Trainee: 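Input: one structure, supplied below.
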Amino acid sequence: MEHLQININDFDDELSPFDGIDHTLTWKDEPLLKVRRLNKKYGSGCMLCESEHGMSEKVNRCPNCATVWAMRNVSFDLYPGEILGIVGESGSGKSTLVKSLYFDEVVDQGEAYLQAYEKQDTNIFELSNQQKRFVRNHLMGMVYQNPLLGLRMNVSSSGNIAEKLLAADHRHVGFMRARASELLNQVEIPISRMDEAPKRFSGGMQQRVQISKALANRPPLLLLDEVTTGLDLSVQAKVLDLIRRLQRQLGVAMLVVSHDLGVIRMLADRTMVMRNGRVIEQGMTDQILEDPQHAYTQLLVHSLL
Amino acid sequence: MIQIDGLSKWFDLHIANQMHVKPLRTISFDVEPGKFMGLAGPSGIGKSTILKCIYRTYLPSEGSIWYDSAVWGKIDLATANERQILHLRRNEISYISQFLRVIPRVTAVDIVAERLTARGVTRADAIEQVKLMLQRLALPEKIWDAFPATFSGGEQQRLNIARALISQPRLLLLDEPTASLDYRTKTVVLDLLHEAKKNGTTMIGVFHDLEWLKQIADDTVTLDPSVHAAPLQQV
Ligand SMILES: Nc1ncnc2c1ncn2[C@@H]1O[C@H](COP(=O)(O)OP(=O)(O)OP(=O)(O)O)[C@@H](O)[C@H]1O
Ligand SMILES: [Mg+2]
Ligand SMILES: [Zn+2]
């Protein structure tokens with residue numbers, strides 16, 4: 001993944017016969033988000049588990065000091081406009097990963113770089129609190145499995161969106177209302193209900209309001225943690241559909257966390273498999289599902305498909 | 001256009017007592033631009049495996065697949081990175097399998113149109129083209145705006161074909177594209193494939209019906225189980 005494996009120079013007497021243009025120059029493929037060696041532990045750690053190969057991949061709790069390693073050297077790239085699926089069993093560290101990126105959790109070590117941010121070369125975990133708030137409000141959106149975490153249940157849907165717009169320094173009431181109705185319309189919430197509080201909505205509708213709130217400031221990156229878990233199958237299909245459509249229409253890149261391979265199959269261009277806080281395997285989604293390389297992924301695919 | 005050199009594929013199944021499955025022994029063949037290469041041989045010999053290796057749904061175990069791309073010139077699909085493969089799938093390489101990966105709640109027209117809009121064609125223009133294509137494939141007009149989840153096997157397959165051909169791919173991989181179609185529709189598909197060929201599309205295809213294969217293929221690779229080292233005969 002680090003470098004392009006094009007050996008165009010091996011064939012330079014035989015340039016592409018079609019237009020003679022060296023397209024290697026126009027092939028720009030810069031990640032939107034680069035994540036490097038993230039670590040998150042609960043506990044103090046010890047000599048055994050702190051050392052690179054000290055702990056078995058089969059556990060996330062140190063047998064010596066009982067520290068839980070929720071993330072262990074997690075690295076990956078996310079490209080503009082793509083959907084990267086993150087799949088793994090319960091406790092594998094998927095939520096920890098997206099929460100860390102959204103600054104809901106504090107990582108112990110590791111780096112992440114956001115190309116959409118003016119400080120592209122600064123590790124976002126080393127930003128000031130004010131800068132982190134800027135990144136959170138302008139450049140990322142988060143959709144939680146539990147709508148209670150993402151929404152104020154007693155505040156109107158339009159008010160929920162306005163809150164996000166205010167955080168990005170919008171003050172004009174007319175603009176905020178117009179934007180709220182545009183966003184709610186995008187997620188198929190009837191405009192007539194924009195002043196209703198989410199607590200009166202069904203689970204599927206709440207998730208849609210959450211998605212529109214996350215998109216309020218047109219971030220280039222959306223983080224979604226098990227957004228369809230717990231919904232009825234038909235409601236699930238609608239929400240997944242919506243996510244797919246938004247990604248096509250808005251070109252927003254997404255990290256989609258799910259333990260459901262069906263969700264991953266439907267949404268993700270590429271997929272990353274996590275286990276015990278580690279990235280076990282990553283690849284194109286169809287390849288991960290049809291030709292998984294790692295023993296664990298093979299088990300996962302065969303037991304869950 | 002494509003040079004396959006010493007390609008083989010095996011699966012190491014770590015579950016089920018470390019099974020080692022080798023559906024494809026070493027194979028090599030070339031396909032010239034704008035030609036149709038047929039793949040023939042008994043069931044289970046690895047025809048689909050070859051196609052899936054080229055499309056990179058399978059990771060090739062050995063060998064190289066040199067493909068002459070419009071963007072980069074020659075590139076080895078066996079070792080290209082995922083981002084490159086995804087780019088090629090969006091812009092150059094299409095694959096028609098026997099099954100449609102059905103997406104709930106996207107209409108038939110939109111599933112096909114998506115291939116064009118993803119490349120910047122306006123929605124109106126895309127839909128115009130899609131309708132012409134669906135008409136030719138005799139997909140009943142009343143289901144154009146329906147969700148394909150409920151379509152019959154043959155209807156889904158026609159949609160698959162429309163989806164792959166609409167974008168005039170540079171390389172088209174076909175895995176039994178006409179398996180569940182009636183005689184008349186098969187003929188239409190064959191016409192469309194001939195047209196695609198005229199427009200310069202290079203194709204590699206598996207047809208279980210050799211009579212049909214003969215009508216479109218310029219050349220055929222027959223995989224032979226008895227030839228151990230190189231199960232290959234260029235006919
Ligand atoms: N505050 C905490 N204290 C101790 N351990 C924690 C804490 N939060 C999370 N963990 C542990 O970190 C590991 C990763 O948890 P995480 O919530 O990221 O898993 P997940 O992959 O999202 O699982 P699920 O699919 O169940 O949501 C788990 O072993 C969990 O028990
Ligand atoms: Mg979780
Ligand atoms: Zn320890």
Side-chain angles (χ1 to χ4, degrees), chain A residues 1-12 14-24 26-27 29 31 77 79 82 233-234 236-238 240-242 244-245 248-249 265-267 269-271 282-303, chain B residues 1 9-16 18-19 21 23 33 48-49 52-53 55-61 64 66-87 89-92 95 97 101-106 110 113-114 117-118 123 147 149 170 200:
Chain A
M1 284 291 291
E2 306 306 334
H3 64 107
L4 302 181
Q5 294 175 318
I6 318 165
N7 300 318
I8 197 162
N9 292 332
D10 299 350
F11 298 91
D12 53 9
E14 207 185 308
L15 269 176
S16 170
F18 295 89
D19 50 18
I21 299 170
D22 183 358
H23 289 274
T24 49
T26 55
W27 165 250
D29 203 33
D77 290 330
Y79 287 82
E82 84 168 344
L233 278 184
S234 64
Q236 251 186 46
K238 279 192 187 173
L240 292 177
D241 240 33
L242 172 73
R244 222 181 91 97
R245 187 164 56 71
R248 297 283 194 283
Q249 278 174 4
R265 180 199 288 281
M266 188 177 139
L267 293 179
D269 301 303
R270 294 190 300 126
T271 293
Q282 38 181 324
M284 283 177 296
T285 301
D286 59 327
Q287 184 250 299
I288 291 285
L289 294 174
E290 291 197 38
D291 187 15
Q293 304 295 300
H294 194 283
Y296 176 74
T297 316
Q298 292 176 1
L299 269 175
L300 194 71
V301 167
H302 287 106
S303 59
Chain B
M1 179 59 65
K9 173 65 190 167
W10 59 82
F11 296 94
D12 287 308
L13 299 180
H14 302 285
I15 49 182
Q18 294 286 340
M19 255 197 320
V21 184
S48 300
T49 303
K52 287 188 176 180
C53 283
Y55 199 61
R56 267 284 291 278
T57 294
Y58 291 166
L59 281 176
S61 305
S64 42
W66 289 104
Y67 164 68
D68 202 348
S69 76
V71 257
W72 305 294
K74 296 233 185 222
I75 178 169
D76 182 4
L77 299 179
T79 56
N81 71 40
E82 298 149 22
R83 292 290 301 169
Q84 293 173 311
I85 297 288
L86 288 170
H87 180 88
R89 286 182 180 185
R90 207 162 296 134
N91 295 286
E92 302 190 22
Y95 176 83
S97 71
R101 239 188 74 191
V102 184
I103 307 143
R105 299 209 337 133
V106 178
D110 279 331
E114 208 177 76
T117 50
R123 207 181 124 77
F147 305 134
R170 191 176 170 87

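All of these numbers come straight from a predicted model, not from anything done at the bench. All heavy atoms count here, side chains included; hydrogens, waters and symmetry mates do not. First the proteins, then the strands, lettered A, B, ... as listed; each starts at 1.
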Trainee: Between A:D291 and B:K9, does at least one N-O distance fall below 4.0 Å, as a salt bridge requires?
Mentor: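 So A:D291 pairs with B:K9 through a salt bridge.
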Trainee: Before you tell me yes or no, could you show the steps for B:R56 and A:E290 under salt bridge (charged side-chain N to carboxylate O under 4.0 Å, His left out), namely the whole-Å CA-CA distance, both residues' side-chain angles and the distance that decides it to 0.1 Å?
Mentor: CA-CA 10 Å; B:R56 267 284 291 278; A:E290 291 197 38; over 6 Å; no
Trainee: Kindly compute the distance separating OH (A:Y79) from CD (B:E82), expressed to the nearest 0.5 Å.
Mentor: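 Answer for the OH-CD pair, A:Y79 versus B:E82, is 8.5 Å.
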Trainee: Between B:D110 and A:R245, does at least one N-O distance fall below 4.0 Å, as a salt bridge requires?
Mentor: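 No, no charged N to carboxylate O under 4.0 Å.
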Trainee: Is there a side-chain contact between A:E82 and B:R83 (heavy atoms, below 4.5 Å)?
Mentor: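 The answer is yes; the side chains approach within 4.5 Å.
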Trainee: Kindly say whether B:D12 contributes a backbone atom to a donor-acceptor pair with the side chain of A:Q298 at under 3.5 angstrom?
Mentor: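 Yes.
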Trainee: Would you please test A:M284 and B:R89 for side-chain contact (heavy atoms from CB on, under 4.5 Å) and show each step?
Mentor: CA-CA 11 Å; A:M284 283 177 296; B:R89 286 182 180 185; 3.9 Å; yes
Trainee: How about A:R270 and B:L86: do any of their side-chain heavy atoms sit closer than 4.5 Å?
Mentor: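 Result yes, sub-4.5 Å side-chain heavy-atom pair found.
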Trainee: Please classify the contact of B:Y58 with chain A as side chain, backbone, both or neither, using a heavy-atom distance under 4.5 Å.
Mentor: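 Contact with chain A is through both the backbone and side chain of B:Y58.
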Trainee: Report the residue from B:I85, B:L59, B:T57 that forms a side chain to side chain contact (heavy atoms under 4.5 Å, CB included) with A:Q287.
Mentor: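 When side chain to side chain contact (heavy atoms under 4.5 Å, CB included) is applied between A:Q287 and each of B:I85, B:L59, B:T57, only B:L59 qualifies.
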Trainee: What's the spacing between A:D241 CG and B:F147 CZ if we round to 0.5 Å?
Mentor: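 Going from the CG atom of A:D241 to the CZ atom of B:F147 covers 7.5 Å.
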